[in-house]
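The sequence lines fix the lettering, A, B, ..., with proteins before strands; numbering per chain opens at 1.
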Amino acid sequence: LVAWTAMLAANAKLGHLARAEKVFNEMPERDVIAWNAMLAGCARARILSRTKYLFDAMPERDSVSWNALLSAYALEGHLELAKETFDGMPERDIVSWSCLLSVYSLHGHLERASELFHRSPEWSIVSYSCMLDAFSKSGYVDDAKAMFNAMPEWNLIARNSLLDAYAQHGEIQQAKSFFDSFPERDDISWTALLNAFAHGGQLSKARDMLELIPHKHEPVPWNTILAAFARSGRFETAMQHLHEMELEGIPAD
RNA sequence: CCGUGGUUAAUGU
């Protein structure tokens, strides 16, 4: 059962919904975790009707099922349905709270996010990260930083979030020294750093930094620079950059 | 106290 569910979840995660459903249908038995995996697959594929249908058809539901449904509504931008789901849950765990918080954060509702954060019975690293993003999105870099400092522990996502806050506001020095202090970095860290230089008016420096990225052929950092050239009205440079991308074998998507 | 685990929540164009 564990192996079947792992297969199911892997297919669902890769977006192979049909294969996931095939596994689900062929499984000799299904427990609530298998149902939840199938539910999450539909949610990720953004087939809301199927997600809701599965949810209603499940023989039993736990908080993971409810959280998956909440998350499905959030993905589709149905804030009210997400809220109704949250309110209608028989019990709310720490993920339920951070899930609804993420909905408000992602959609830029700082007031609602803040209210929910303070009403939460407990905070996880995700709750803090969501609030950090909510502040950052609304332009409150200092509050984002305060939220970061208030966290009991930090991971790469939290660090990337604050780095992105600096980057979005073009605070190059802050971003640079913060980036240098990271115990580990991923492509998102690098992209955020590029963005700091791009938004801080040092576009050619940002371009040069593409060469320093460990995974040089990730398309997102290149697209970031391309977008920055376009925003600044340097269309000739943008076209040249696009040509360089072709030469590097980076597909323009 | 720490680590691990078949399903759900947070970061870049």
Given protein heavy atoms under 4.0 Å, the one-letter contact record of nucleotides 8-13 of chain B, with B base, S sugar-phosphate only and - none, is simply BBBBBB
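Of the charged side-chain nitrogens involved, none lies within less than 4.0 Å of a carboxylate oxygen, so that A/Asp133 and A/Lys137 do not count as a salt-bridged pair.
Remark: A/Leu81 pairs with A/Tyr73, A/His78, A/Glu84 by the side-chain contact (heavy atoms from CB on, under 4.5 Å) rule, at least two apart or across chains.
Atoms CG (A/Leu39) and C1' (B/G6) sit 15 Å apart, rounded to a whole Å.
The aromatic ring centroids of A/Phe178 and A/Phe148 lie less than 6.0 Å from each other.
A cation-pi arrangement is present between A/Arg185 and A/Phe179 under the rule of less than 6.0 angstrom and at most 45 degrees off the ring axis.
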Go through the steps to decide whether A/Glu26 and A/Leu8 satisfy the test side-chain contact (heavy atoms from CB on, under 4.5 Å), and finish with yes or no.
-> CA-CA 10 Å; A/Glu26 288 175 1; A/Leu8 163 55; over 6 Å; no
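Counted by atom type alone, A/Ser105 and A/Ser102 present zero donor-acceptor pairs between their side chains at under 3.5 Å. A donor atom on one side chain and an acceptor atom on the other are found under 3.5 Å apart for A/Asp62 and A/Ser65.
RNA chain B contains no stems of three or more consecutive Watson-Crick or G-U pairs with both distances under 3.5 Å.
Note that the NE2 atom of A/His241 and the CD atom of A/Glu236 stand 14.5 Å from one another [nearest 0.5 Å].
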